[in-house]
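Contents: one structure, followed by commentary.
Numbering of ligands and ligand atoms starts at 1, following listing order. Side-chain atoms are counted along with the backbone in the values below, which use heavy atoms only and exclude waters and symmetry mates. These numbers come from a predicted model, not from an experiment.
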Amino acid sequence: MSREKIYLFDTTLRDGQQTAGVDFSVEDKIAIAGMLDKFGIDYVEGGYPGANPTDTAFFEQNRMKKASFVAFGMTKRAGVSASNDPGLSSLVQSNSDAVCFVAKSWDYHVDVALGISNEENLECIRSSVERTVAAGKEAMVDCEHFFDGYKANSEYALACAKTALDAGARWVVLCDTNGGTQTEEVREIVTAVIAAGIPGDQLGIHAHNDTGLAVANTLAAVEAGARQIQGTLNGIGERCGNANLVVLIPNLVLKPRWNKRFCTSIDEEKLTELTRLSHAFDELLNRSPDPQMPYVGASSFATKAGIHASALMKDPKTYEHVEPESVGNTRKVMVSDQGGKSNFINELTRRGIKVSKSSPKLDTLIAIVKEHEASGYAYEAADASFELLARRTLGTLPQFFKVESFRVMVERRFDANGVLKTISEAIVRVEIDGERHISVAEGHGPVNALDIALRKDLGKFQQEIEDLELCDYKVRILNGGTEAITRVLIESRDDSGERWWTVGVSDNIIDASFQALMDSINYKLIKNRTSIEELSSS
Ligand SMILES: [Zn+2]
């Protein structure tokens, strides 16, 4: 029997943006959209093009390889024709594959919030969907407060859904906007909606976690027949968050209750990237991953010594519901380090680095990575630094240049006109092929000055790094008090469009930044040399 597909819809960049303390830059959005696309999510909702400058810029720049890129916004206003509504026009004309409209489906809200008639609201849904479809885009309609609306006036809630589908919408999404609906109610209402003639393969579910039931409610909707699930990375979102895709996906892929009947775009092989995706996203948000998050947390497969541990040593299945490797996580009570080793080899192979399992250099590398991670490095978020460390340890990283020394000065003083100024200056001494290059630069702050000086004169490599650009810089203080350790993450890119992250850790923020800058330049030089032969002849 062929399995039905469950479509995965990510709204991290739209609903997730509502999370307290989360404010994505255009760069963040590009990076996250790229991660979701690469992972294999079907729909990536980007935000509100035309409604705010960040999203407008993001939509202009964004390119998806596989995922459908979705613009979100309101249906047209009442009293204006669909062709004359500026909000609707910016959605339809945006650089997107699909448009997701939010529409009222609770008559009470139509009356109180919109102040229009029920029929006018249906007309807004109909004409907005029709214009979108006529423009060659996929249309979907998020029915806001659907479950509460259905309880109050099921006939009208259904009329909203039917109107959307009759107008040509691919999906109607049932939203539990306040997040208070209980799992049994979701199951009953989705079943009733399908019985009323709305096809399940055109139904989506959008659950919020206000009662801790978002994942359960989503699965209940799938059980009842819905075939699109909406959620966010790590469950971020307003108030208590949205349904967590990082939890939903492994349930659907690994649990026989689901995988016997359903498939998703994420197969078992892709799923092994889940832990890395979840952690990289947290690093981008500059927050520590939740150690107890199902499937991907650092403690998800950790067992303390005792009866459990000894049983686990005999057979891991005794205390694990799935194998940690299936989601790219690791067991914390290790029978041997074989599991860790295979993970490493996979990671290296992915980057084109060959090493044999019995190589003593591999053991050295694993030990160094463990030691570095214990002292604050985050390689999951800084893949370029990981690759450089691996190449350095395995002996395939040439020394392009050597920084003999650097000095950074920050001076705050009044200038000749009595204006207070802060001046940052850096001096860098670099050795290339036995020749010394000294560069001096001023910058906006000490790190910027150091960056400019470092890249001012790299001798024969200068031309190669011309298109290197730093696009993001994140600082995290890892432990409080006077001995605070600083971690710096830097994102770089070049004209090829590739982006890479590097990391530095030190009790001195300038030194941490220096390490990350050095890695960024070295990675740029490495990526220009594709084969090992080229590397060793440099
Ligand atoms: Zn929502």
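Residue-level check: among N/O/S atoms of D15, OD2 sits closest to the Zn ion (ligand 1).
With 3.5 Å as the limit, one finds no donor-acceptor pair spanning the side chains of T75 and R126.
None of the N, O or S atoms belonging to C175 lies under 2.8 Å away from the Zn ion (ligand 1).
Between E283 and K474 there is no salt bridge, since none of the side-chain N atoms of the basic residue sits less than 4.0 Å from a carboxylate O of the acidic one. A salt bridge links D42 with K5: the closest approach of a Lys/Arg side-chain nitrogen to an acidic carboxylate oxygen falls below 4.0 angstrom. One finds a salt bridge joining R239 and D210 here, because a Lys/Arg side-chain nitrogen approaches an Asp/Glu carboxylate oxygen to under 4.0 Å.
Between H206 atom NE2 and H208 atom NE2, the angle centred on the Zn ion (ligand 1) amounts to 100° (nearest 10°).
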